[in-house]
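Let me begin by presenting the structure, written as structure tokens, before commenting on it.
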2 protein chains.
Amino acid sequence: MKTNPKNKIIIVDDHLLFSQSLELLIKSFGDYEVIERFENGKVFIDYLEENSSAEIDLILLDVNMPVLDGLSTMKWLKDNRPDLKVIALSVNDDDEIIIKMITNGAKGYLLKDTSPEIFREAIECVMEKGFYFTELVSGMLINKVNSDNKKISLKEKEIVFIKHACTEMTYKEIASEMCLSPKTIDGYREILFDKLEIKTRIGLVLYAIKHKIVLV
Amino acid sequence: MKTNPKNKIIIVDDHLLFSQSLELLIKSFGDYEVIERFENGKVFIDYLEENSSAEIDLILLDVNMPVLDGLSTMKWLKDNRPDLKVIALSVNDDDEIIIKMITNGAKGYLLKDTSPEIFREAIECVMEKGFYFTELVSGMLINKVNSDNKKISLKEKEIVFIKHACTEMTYKEIASEMCLSPKTIDGYREILFDKLEIKTRIGLVLYAIKHKIVLV
DNA sequence: CGAAAAAAGGGTATATTTCCCCTTGTCCAA
DNA sequence: TTGGACAAGGGGAAATATACCCTTTTTTCG
């Protein structure tokens with residue numbers, strides 16, 4: 001006995017002002033209702049685990065969140081609830097993250113400066129056709145398949161080393177900090193310089209910051 | 001003959017989804033109405049210049065915007081329309097920018113992960129008392145007046161040098177790039193190491209990035 | 001099991017960075 | 001007019017970082 005034919009939407013976003021406001025906007029569309037709102041991926045997943053049979057038509061997932069971010073949440077969904085449809089929302093148009101969200105199953109990726117009209121169109125498109133990609137995203141996908149053959153994978157120890165390299169410690173100090181011989185550190189450095197196509201420790205620091213291995 | 005006693009609010013934010021949604025939220029409060037929305041500081045200022053007698057009770061100003069950002073807009077308002085009340089909205093809690101917004105006349109500074117209840121409280125507080133500061137902001141103001149005695153001033157050439165130092169160039173290469181003797185570069189470096197209390201070029205790079213002398 | 005990769009470490013040589021102390025000339029204010 | 005601040009440039013030495021070519025041990029996997 002269905003008394004409510006509206007599509008059920010969940011919002012996951014740490015910006016409470018945005019989250020609550022967006023609910024009003026969605027409500028104003030008429031055909032949708034926001035059944036839950038969560039302020040990070042963790043509480044959302046907790047909810048899903050306790051309500052595995054809840055009827056959910058669409059999830060609006062913010063990318064930048066504390067505790068458990070959009071990407072991690074997306075990965076969890078891919079593994080545990082691939083049936084759920086997700087549109088990722090974000091303020092940034094960083095290539096990497098967009099690609100990752102989509103390869104992890106997001107059905108759409110919208111920037112927050114999207115107009116409400118496009119937003120509605122995207123929601124409807126995902127509900128009907130199963131996906132919605134703007135030109136920005138499509139173009140990005142095409143660019144990537146052409147140039148993303150060589151993906152750089154860093155090992156755990158290399159990442160630890162990089163973090164230390166982004167301080168004023170000398171390699172010798174880093175070695176003793178990591179309980180390794182300076183020569184081993186030397187090896188890490190050489191491998192990384194080669195992998196990342198850089199020539200100096202400065203380059204390493206810039207790489208680390210650009211790829212958010214270290215935060216400033 | 002005032003037929004509408006509601007407080008008139010203007011929203012300036014490039015995130016259209018947020019902007020339009022927020023309007024609905026504010027409307028739901030009952031006592032307020034959003035009379036205009038703008039997507040950056042420039043179009044907002046254009047509006048003010050053409051409608052100098054418009055009745056405006058409160059402005060909600062986003063900090064991070066393209067074209068003309070929140071801080072620049074705030075500075076313009078300080079010089080041209082100090083009568084207008086502004087609450088700054090932002091996702092980031094970067095000390096510097098908060099201080100600058102407030103010293104340029106913002107009556108409040110709210111993070112976008114504020115709850116709607118606090119948001120409403122802030123609006124009402126600004127309308128009545130003229131200002132609203134969260135603990136975060138108050139604490140920041142206090143910290144600043146205590147620690148901001150020694151402000152570091154960098155000369156133009158030093159800044160140019162720092163930018164070059166944030167690349168994989170050697171000092172020798174930087175010297176020829178800047179048409180100076182390597183020894184002069186050596187001098188800049190030593191002065192900066194001293195001024196910034198750092199010991200290595202890595203420290204210089206980290207400083208530059210943290211203080212946005214170079215962008216990543 | 002056995003080969004191949006990966007991890008850890010070594011030797012040596014060169015280049016770069018860091019540090020300390022120095023000279024010269026200019027400009028400006030006491 | 002003297003003295004101080006400052007910009008530009010420099011010598012030389014020690015510490016660090018980089019490059020290249022090695023060996024040994026451990027892990028991984030067909």
Side-chain angles (χ1 to χ4, degrees), chain A residues 75 79 148-216, chain B residues 148-216:
Chain A
K75 284 179 178 166
D79 292 337
D148 212 36
N149 311 331
K150 35 152 196 197
K151 39 183 78 71
I152 293 159
S153 81
L154 298 177
K155 319 223 176 295
E156 197 50 39
K157 286 222 173 178
E158 287 173 346
I159 292 183
V160 174
F161 164 67
I162 290 179
K163 289 186 181 184
H164 284 107
C166 294
T167 70
E168 293 200 302
M169 277 189 276
T170 67
Y171 288 136
K172 215 174 294 183
E173 288 165 339
I174 294 173
S176 87
E177 185 75 19
M178 291 177 67
C179 300
L180 293 171
S181 146
K183 274 311 198 176
T184 304
I185 290 298
D186 208 43
Y188 286 148
R189 180 179 47 67
E190 288 197 40
I191 289 169
L192 284 170
F193 280 15
D194 191 50
K195 260 200 236 186
L196 309 180
E197 297 178 66
I198 53 180
K199 290 186 298 299
T200 69
R201 185 165 163 182
I202 305 297
L204 189 60
V205 172
L206 296 174
Y207 177 92
I209 291 170
K210 192 170 306 186
H211 293 79
K212 305 199 195 306
I213 295 169
V214 295
L215 303 176
V216 286
Chain B
D148 218 34
N149 311 329
K150 35 150 197 199
K151 39 183 77 73
I152 293 158
S153 82
L154 299 176
K155 313 209 184 308
E156 196 51 38
K157 284 218 174 180
E158 287 173 345
I159 291 182
V160 174
F161 164 66
I162 290 178
K163 289 185 182 185
H164 283 107
C166 293
T167 70
E168 292 200 302
M169 277 189 273
T170 66
Y171 289 136
K172 214 175 294 182
E173 289 166 339
I174 295 173
S176 87
E177 184 76 19
M178 290 178 68
C179 302
L180 290 172
S181 145
K183 273 308 189 179
T184 305
I185 291 298
D186 207 44
Y188 285 147
R189 179 176 48 69
E190 287 198 44
I191 289 169
L192 285 170
F193 279 15
D194 193 50
K195 261 200 232 185
L196 308 180
E197 296 179 68
I198 53 181
K199 290 185 299 295
T200 67
R201 183 165 164 184
I202 305 295
L204 189 60
V205 172
L206 296 174
Y207 178 91
I209 291 170
K210 192 171 307 187
H211 293 78
K212 306 200 196 301
I213 295 169
V214 294
L215 303 176
V216 285

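What you see is a predicted model; the values in this text were computed from it and never measured. A, B, ... follow the sequence lines: proteins, then strands. Residue 1 opens every chain. Heavy-atom basis, side chains included; hydrogens, waters and symmetry copies ignored.
Of the side-chain N and O atoms in B:Lys157, none sit less than 4.0 angstrom from OP1 or OP2 of D:dA7. Between A:Tyr188 and C:dG9 there is no side-chain N or O to OP1 or OP2 distance below 4.0 Å. For C:dG10, the OP1/OP2 oxygens have a side-chain nitrogen or oxygen of A:Ser181 closer than 4.0 Å.
Using a 4.0 Å heavy-atom cutoff across all strands shown, A:Arg189 reaches at least one base atom of the nucleic acid.
Put simply, SG on A:Cys166 and CZ on A:Phe161 are 9.0 Å apart, with the number rounded to the nearest 0.5 Å.
Rounded to a whole Å, the NZ atom of A:Lys183 is 8 Å from the C1' atom of C:dG9. Regarding B:Leu204, its CG atom lies at a distance of 17 Å from the C1' atom of D:dT16, rounded to whole Å. One interatomic measurement links the two molecules: CD of B:Glu168 to C1' of C:dT17, which rounds to 16 Å at whole-angstrom precision. We find that CD of B:Glu190 is positioned 14 Å from C1' of D:dA14, with the value rounded to whole Å. Between the P atom of C:dA7 and the CD1 atom of A:Ile159 lies a distance of 13 Å, rounded to the nearest Å. Look at CD1 on B:Ile198: it is 13 Å from C1' on C:dT17, rounded to the nearest Å. The interatomic distance linking A:Ile191 (CD1) with C:dA6 (C1') rounds to 8 Å, in whole Å. In this entry the distance linking CG of A:Asp194 with P of D:dC20 reads 10 Å, nearest Å.
A distance-only check finds a donor-acceptor pair linking the side chain of B:Arg201 to the backbone of B:Ala165 [under 3.5 Å]. When atom types are taken as modelled, the side chain of A:Glu190 and the backbone of A:Gly187 share no donor-acceptor pair closer than 3.5 angstrom.
Between A:Leu180 and A:Lys157, the closest side-chain pair of non-hydrogen atoms falls below 4.5 Å.
Among the nucleotides D:dA19, D:dA7, C:dA7, the one closest to the side chain of B:Lys155 is D:dA7. Distances from the side chain of B:Tyr171 to the nucleotides D:dT16, C:dT17, D:dT18 place C:dT17 closest. Taking only side-chain atoms of B:Thr200, from C-beta outward, the nucleotide of C:dT18, D:dG9, D:dT18 with the closest atom is C:dT18.
Along DNA chain D, the nucleotide nearest to A:Thr170 and the one nearest to B:Gly187 differ in position, and the one closer to the 5' end is contacted by B:Gly187.
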* Residue pair A:Tyr207, A:Ile213: steps toward the side chain to side chain contact (heavy atoms under 4.5 Å, CB included) verdict -> CA-CA 8 Å; A:Tyr207 177 92; A:Ile213 295 169; 3.9 Å; yes
